[in-house]
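Below is one structure, written out as structure tokens, with a few remarks after it.
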Amino acid sequence: MSARLTRAQRQQLRRAERAVDNMSPMQREIFLGIRVDELSYAELAALHGITVADVEHHFAGALRILDRHMHERHHKWWQFWR
């Protein structure tokens with residue numbers, strides 16, 4: 001198995017990097033804390049001095065940005081409530 005990435009994989013990685021770059025600082029911290037550091041919502045809330053509901057809110061925002069960049073589409077805000 002080759003260690004090199006295919007062109008499609010490189011494009012997908014660039015889209016993910018752009019998505020993380022477009023997140024607010026708090027969204028980025030929460031997203032990376034959950035996905036990379038594998039911290040719980042409660043741990044992140046305590047770490048940042050916010051509520052668990054705030055962590056959920058920031059994580060949801062980060063996921064919306066990631067979805068938009070990965071699928072190269074731009075939703076209107078109301079399309080998320082279906």
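Numbers here are sequence positions counted from 1.
Using a 4.5 Å heavy-atom threshold, the side chains of Leu13 and Gln9 count as separate. Inter-residue side-chain proximity for Met26 and Phe31 is flagged as unmet; no heavy-atom pair is nearer than 4.5 Å.
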Begin with the C-alpha distance, continue with both residues' side-chain angles, and end with the deciding distance and a verdict on side-chain contact (heavy atoms from CB on, under 4.5 Å) for Arg35 and Phe59.
CA-CA 10 Å; Arg35 293 296 185 188; Phe59 188 54; 3.7 Å; yes
Under the side-chain contact (heavy atoms from CB on, under 4.5 Å) criterion, do Ile34 and Leu44 qualify, and how do the steps go?
CA-CA 8 Å; Ile34 291 169; Leu44 284 165; 3.3 Å; yes
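Under the rule for a side chain to side chain donor-acceptor pair (under 3.5 Å), Glu38 has no partner lying at least two apart in sequence or in another chain. Partners of Glu43 under the side chain to side chain donor-acceptor pair (under 3.5 Å) rule, at least two apart in sequence or in another chain, are Ser40. Take Arg14 and apply the side chain to side chain contact (heavy atoms under 4.5 Å, CB included) test, not counting sequence neighbours, and it matches Arg10, Gln11, Glu17, Arg18.
Across every non-hydrogen atom of Asn22 and Ile65, the tightest pair is O-CD1, 3.9 Å. The minimum heavy-atom distance between Ala19 and His69, with the atom names listed, is CB-CB, 3.6 Å.
Taking CE of Met23 as the start and CG of Leu32 as the end, the distance is 7.5 Å to the nearest 0.5 Å. A distance of 12.0 Å separates CE of Met70 from CG of Leu63, quoted to the nearest 0.5 Å.
Under the side-chain hydrogen bond (donor to acceptor under 3.5 Å, both in side chains) criterion, the residue pairs touching residues 44-63 are Thr51-Asp54, with sequence neighbours excluded.
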